[in-house]
Amino acid sequence: MHIIRSATWLAPLVRKLVVEAPRVAARHQPGHFVIVRGTRDGERIPLTIADSDAESGTITLVIQMAGATTERLCALCAGDSLVDVAGPLGRPTEIEAFGHVVLVGGGVGTAVIYPQAGALKALGNRVTGVIGGRSRPYVILEEELGKICDAVHPCTDDGSHGFHGFVTQRLAQLLDAEPPVDAVITAGPVLMMKAVAEVTRGRGIRTIASLNPVMVDGTGMCGGCRVTVGGEQKFACVDGPEFDAHLVSFDELQDRLGAYRTHELRARERLALDPEHKCRLERARVEIESEPRRAS
Amino acid sequence: MAKVLKASERMKIPRVAMAEQPASERARCFMEVNRGLASEQAVLEATRCLQCKQPDCIDGCPVGVDIPGFVRAVAEGDLPRAADILYAANVLPGITGRVCPQETQCEVRCILGKKHQPLAVGYLERFVADWAREHRNEVVERAQPTGRRVAVVGSGPAGLTCAGELARRGHEVTVFEALHRPGGVLVYGIPEFRLPKVIVDMEVAKLMELGVRVECNVVVGQTHTIQQLMGDEGYHAVFIANGAGLPRFQGIPGENLKGVYSANEYLTRVNLMGAYQGEDAATPVLRGRGVVVVGGGNTAMDAVRTGRRLGADPATLVYRRSEAEMPARVEEVHHAREEGIVFRMLTNPVEVLGDEKGWVRAVRCQQMGLGEPDASGRRSPVPIPGSEFEIDCQVFVEAVGTRANPLLTQSTPELKLDRWGQIKVDERGMTNLPGVFAGGDIVRGGATVILAMGDGKRAASAIHDWFGCASGG
Ligand SMILES: Cc1cc2nc3c(=O)[nH]c(=O)nc-3n(C[C@H](O)[C@H](O)[C@H](O)COP(=O)(O)OP(=O)(O)OC[C@H]3O[C@@H](n4cnc5c(N)ncnc54)[C@H](O)[C@@H]3O)c2cc1C
Ligand code: SF4
Ligand code: FES
């Protein structure tokens with residue numbers, strides 16, 4: 001059992017859980033993820049470790065409400081618990097002295113780049129963050145990144161906050177400006193990462209993407225997380241999850257992510273009829289009002 | 001004791017037939033196919049044993065079960081004694097009685113088989129184990145603690161056996177399992193209809209009574225390294241039994257279409273994650289009218305029979321060699337046929353075909369002929385030109401073997417591996433690192449439950465001896 005120490009909303013459908021997992025916390029490096037099961041009959045899903053504190057033995061998970069499983073997790077509150085947390089899994093990010101690194105995060109992808117920012121900064125890199133969301137409340141971790149990065153550029157699709165437009169447009173501007181950019185690391189929706197790769201490809205800038213395929217075990221046993229990188233088959237859970245963005249077959253990844261869409265829809269419809277879940281979600285939602293908004 | 005029969009009389013008794021769930025019913029559900037023997041059946045079968053003075057069957061058993069000994073006890077109706085004899089050599093008989101390839105191990109050597117049918121060793125083993133599980137619940141006595149601590153990596157048959165044997169000798173054992181449930185292939189791979197999971201759970205519970213601790217969700221190599229286990233974590237020895245590892249894919253076009261699975265993923269979704277319980281299970285699995293599985297081993301057989309149970313009609317097995325060469329247990333092949341599995345032998349998939357939305361719609365296959373015998377004496381299959389054809393399907397499952405999982409070995413670069421990435425061990429089961437032992441599929445490549453158990457048992461003795469040396473010297 002992994003007790004949830006705190007649960008807060010980072011954005012309307014994005015929940016941050018601080019969870020007891022001392023062993024994972026002790027070994028966590030940026031880029032690592034965990035496999036989580038909320039309940040005994042639940043699904044195993046991968047979640048990036050957004051932060052950790054070895055001393056208090058906790059890790060931070062940032063969860064986007066997307067399907068039935070994540071919706072259940074988002075309904076959890078402080079004092080509730082997760083039955084299984086396995087990890088840390090995956091290879092850590094290769095943190096190097098790149099020079100100037102731009103981190104591009106979209107939606108909950110920002111939680112992936114957040115620990116990388118700290119590690120990159122510690123190695124003396126100049127770190128710029130470009131983080132995006134649909135509108136102002138959907139831009140997460142801006143304040144936290146602001147404390148680490150040399151500059152943070154929030155972007156919103158509707159212009160309600162920061163740059164009006166996509167993160168890729170802002171990135172392109174940065175690439176054309178001073179100081180020159182040596183590397184780009186990106187995490188977020190597949191189509192966004194694909195677009196980032198296109199922006200940097202012509203300019204020959206090293207670009208790393210953190211992939212998010214469907215996973216089951218997270219230990220290399222099932223092959224469900226396979227992705228094609230440079231024409232080769234890779235298992236994201238053991239060979240990744242980070243790969244050279246210029247070699248990743250993003251279209252295939254996007255397509256494979258849709259394999260269970262009808263199951264997902266059905267599962268969410270069923271969940272909507274579950275009175276117990278409704279009650280939990282209400283309880284979790286109430287906190288929005290009682291808590292100061294962080295992203296604004 | 002029943003009246004003593006002469007050998008000629010014994011040989012007149014036909015081999016017992018296992019009661020089975022009817023094929024038409026079982027092709028739709030996941031209940032165990034074999035129902036087990038009734039007491040009278042077991043006793044009668046046991047009386048068929050000729051009680052050879054120099055029994056060959058024992059040598060065929062990788063863990064050396066005293067087969068005539070326990071069978072005699074069954075014939076005499078003394079099930080407690082039968083169980084004692086059985087458990088002395090084999091800590092998981094309820095499992096091996098169900099999944100051992102008896103036809104190539106113990107039963108193949110049975111003298112009765114020369115002229116008649118061999119003794120049904122596996123059925124009797126299962127009978128005794130099931131009896132013991134249901135009727136015996138004496139408190140197990142824990143051995144005097146030795147103060148020695150052993151970490152076991154992986155809770156498959158190798159790890160569980162080693163843990164049990166060490167605990168019996170008073171060592172403090174912790175089993176670390178990467179998944180959320182112990183059992184290895186026994187829980188994620190082998191389906192419910194062949195090995196009910198309650199049996200595995202009860203075996204694990206028994207080990208825990210012996211004092212074994214099981215910690216799930218610990219991925220050694222990631223959560224802890226071997227060095228940490230032997231260092232800060234204070235273990236005196238480690239047994240690595242992390243299994244076969246990564247599934248292989250054939251490398252044919254179309255393998256990343258939606259609807260293509262490795263057998264490991266397909267079976268894990270259905271077994272470990274419970275997708276067999278219905279379409280409302282939290283973990284989904286794609287179902288199709290047509291399911292095609294490629295491979296010829298137990299894994300392939302389990303996958304295709306699972307596909308059938310999830311509603312496929314037809315569920316087709318394709319294999320590039322002929323049926324005689326299939327490594328699967330004969331009983332499974334026989335059961336699969338009864339359940340309506342379509343067998344297409346000497347057939348090799350060359351491409352998975354998809355529709356415009358990226359879903360599998362068919363597999364293109366090639367007919368194979370048998371060529372000249374190769375070095376191993378087997379006639380290797382060769383493609384017949386112009387023989388390609390398509391099989392319609394929505395789900396395509398590959399059960400074509402595994403390669404070593406690099407997770408643990410990468411984090412322990414000092415560990416000596418062979419050229420396939422499998423861990424090298426000496427005759428005791430020790431790796432090149434002192435105090436670090438290994439066994440099961442990570443050493444052998446994909447093998448069998450009983451060979452993995454044999455490795456676990458041998459390593460337990462070796463670890464015990466090693467402790468003796470270490471403390472004495
Ligand atoms: C579908 C299928 C059907 C089979 N049918 C039969 C049969 O009928 N008869 C037969 O004799 N054999 C059968 N086999 C083969 C048999 O199951 C294996 O040979 C046997 O299970 C190997 O045992 P093991 O203990 O070495 O490994 P496994 O059973 O594979 O167990 C290894 C365990 O280690 C865990 N692990 C892996 N890495 C780590 C890590 N880094 N840290 C912690 N834990 C880790 C895994 O999660 C797993 O639980 C079958 C195999 C499959 C896949
Ligand atoms: S353990 Fe397997 S090989 Fe040995 S006697 Fe039992 S069934 Fe036969
Ligand atoms: S999630 Fe199963 S192999 Fe990566």
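Values below: every heavy atom of this structure, side chains too, minus hydrogens, waters and symmetry copies. Letters go in sequence order (proteins before strands), and every chain restarts at 1. Owing to the predicted nature of the structure, the values given are computational and were not obtained by experimental measurement.
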Donor-acceptor side-chain pairing of B:Thr299 and B:Asp302 below 3.5 angstrom: no
Under a 4.5 Å heavy-atom cut-off, does chain A meet the side chain of [X], its backbone, both or neither?
X        : value
B:Arg287 : neither
B:Tyr188 : side chain
B:Asn256 : both
B:Val285 : backbone
B:Asp280 : both
B:Glu279 : both

Name the region of [X], side chain, backbone, both or neither, that has any atom closer than 4.5 Å to a heavy atom of chain B.
X        : result
A:Asp41  : backbone
A:Val36  : neither
A:Ala259 : both
A:Arg37  : side chain
A:Val85  : backbone
A:Thr228 : side chain

Among the listed options A:Arg91, A:Glu264, A:Glu43, A:Arg266, the residue most often paired with chain B at heavy-atom distances under 4.5 Å: A:Glu43
Residue pair B:Phe249, B:Val400: steps toward the side-chain contact (heavy atoms from CB on, under 4.5 Å) verdict: CA-CA 7 Å; B:Phe249 288 83; B:Val400 293; 5.8 Å; no
Straight-line distance of B:Asn217 CG to A:Leu82 CG, nearest 0.5 Å: 11.0 Å
Interatomic spacing from CZ in A:Arg15 to OG1 in A:Thr70 - rounded to 0.5 Å: 13.0 Å
Salt bridge (charged side-chain N to carboxylate O under 4.0 Å, His left out) evaluation trace for A:Glu71 with A:Arg268: CA-CA 8 Å; A:Glu71 187 173 327; A:Arg268 281 199 91 171; 2.6 Å; yes
